[in-house]
Amino acid sequence: MNVSFYGHVRQYHNIKDEIDANIREILESGQYVMGPVLKRFEKEFAAYHGIEYTVGVGNGTDALWLAFQALGIGPGDECITTSSTFFATAEAIWIAGATAVFVDSDARTNCIDPSKIEAAITPKTKALVPVHLYGQCADMKAVREIADRRGLLVIEDNAQGIGARGDGFRIGELSDAACTSFIIQKNLGCFGDGGAVVTKHEKVDRVVRKLRNHGSDKRSCHSPGCNSRLDDIHAAVLSAKLKHIDEWNALRRKWAARYSACLKDAGNLTLPYESPGYYHVYHLYVIETKKAEHRDPLLNFLNENGIDAKCHYPIAIHQQEGYPWGKGARIAGGIPNTERNAACCISLPMFPELTEQEVDYVIGKVLEWDRKAGVA
Ligand SMILES: *Cc1c(COP(=O)(O)O)cnc(C)c1O
């Protein structure tokens, strides 16, 4: 049996009529850029979060650096984040001209460990940038408490957590901005690139709106910004899909629960940890091998058996040779949990349209490997 990693095409076929109707509406309207459908989607997305403002932009990386820019984060400033994330988190800090400071991630959730933040704060620290890694919220209450006490901004990298909740908090509620990506493989994906900034600050909304459109909020008047707009055709697709996101996230949770129940006795593996009271939306279902030397053999075994398992992320940002070290970033303290996760992580197929047969096939193969690894 072959089990793929993504289910975009299945998803499209499940709601083809809704998507096609929305796309046709755009094609017939002739309003392809900054039209009424984008405005409508921005309102829907803000309402979904229960947060005042949403600005659609070209991608998740731009959402981050435009939010940094709107909040006055730039050269000379430090942003505290984790190295256990997709490269774009730190890349956006670098694009803004600021310095990324990596602290360790929590051993169980792989999100930022709030107890490591305080020691990394310097007079240059301007913001905390927690990542809702794999679809589980970082501990935002602890992050917010530190930010309040130390006078720092908070920007959530929410590329992976649309629809997630924490214990008593929502995304966007405890931050200055929450930045999202709509690239197709994310939980809410358009048919290409897209992103958004969700914020309760009128000023952030106004400034990002201006920056994304060549620094223009009045016809023919400009200041330096960029071109990073969410196309109306993508907004039309997202508008159709937003109606289904909660149902899709519930299916991700159903498959995650099945994986976790059936793999709980696999002695060579550590399973994803759900913080009590949190609503994890499993953008990725990431297990770890207890021994780093087991990771590649398990990954290869799954791949050889037709299962498209992957690693997120096998090379943490601080291990990337391509990152502009020196001015671009530094590590604060040891980051052993980040390094363990990079060495041991494996992502099993996870998307709402999986079938029970596919999930059970994956489980069977993981258990088959685990039994052999235990003997070796
Ligand atoms: C996908 C992702 C981004 C970047 O989003 P793009 O739309 O690809 O620019 C940023 N941060 C994290 C954690 C991501 O997963």
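Computed from a prediction, not measured in an experiment: that's the story for all the values here. Note that ligands are numbered from 1 as they come in the structure, with each ligand's atoms numbered from 1 the same way. All residue numbers in this chain count up from 1 along the given sequence.
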Output yes when the distance from some N or O of ligand 1 to some N or O of Thr61 is under 3.5 Å, and no in every other case. yes
Atoms in ligand 1 with a heavy atom of Thr85 nearer than 4.0 Å: 13 (C)
Crowded around Lys43 NZ? As in, over 12 foreign heavy atoms under 6.0 Å? no
Name the closest protein heavy atom to atom 1 (C) of ligand 1, giving the residue it belongs to and the distance to 0.1 Å. Lys186 NZ, 1.5 Å
With a 6.0 Å cut-off on the ring centroids, do Trp325 and His318 count as close? no
One residue to check: Asn59. Relative to ligand 1, which of side chain, backbone, both or neither has a non-hydrogen atom less than 4.0 Å away? both
What is the nearest protein non-hydrogen atom to atom 15 (O) of ligand 1, stated with its residue, atom name and distance? Gln160 NE2, 2.8 Å
Which residue, Tyr259, Tyr134, Trp255, forms the ring pair (Phe, Tyr, Trp, His ring centres under 6.0 Å) with Tyr285? Tyr259
Mind checking whether Asp157 contacts ligand 1 via backbone (N, CA, C, O), side chain (CB onward), both or neither, at a 4.0 Å heavy-atom cut-off? side chain
So for ligand 1, is Leu64 a polar contact partner (N or O within less than 3.5 Å, distance only)? no
Determine, using heavy atoms of His132 and all atoms of ligand 1, whether some pair is separated by less than 4.0 Å. no
Does the pair Glu288/Arg108 count as a salt bridge with the N-to-O cut at 4.0 Å? no
Other residues, nucleotides, ligands: >12 heavy atoms within 6.0 Å of Lys290 NZ: yes
Those atoms of ligand 1 less than 4.0 Å from some heavy atom in Thr89: 11 (N), 13 (C)
Quick one: is the NZ or CZ of Arg165 closer than 6.0 Å to the six-membered ring centre of Tyr279, and within 45° of its axis? yes
Which of the numbered atoms in ligand 1 are below 4.0 angstrom from a heavy atom of Ala88? 3 (C), 4 (C), 10 (C)
Please lay out, stage by stage, how Gln69 and Leu211 fare under the test side chain to side chain contact (heavy atoms under 4.5 Å, CB included). CA-CA 9 Å; Gln69 183 115 336; Leu211 289 170; 3.6 Å; yes
Show me which atoms of ligand 1 lie under 4.0 Å from any heavy atom of Gly60. 5 (O), 6 (P), 7 (O), 9 (O)
With a cut-off of 4.0 Å, which atoms of ligand 1 are near a heavy atom of Ser181? 5 (O), 6 (P), 7 (O)
How about Arg10: does its CZ atom have over 12 heavy atoms from other parts shown lying under 6.0 Å from it? yes
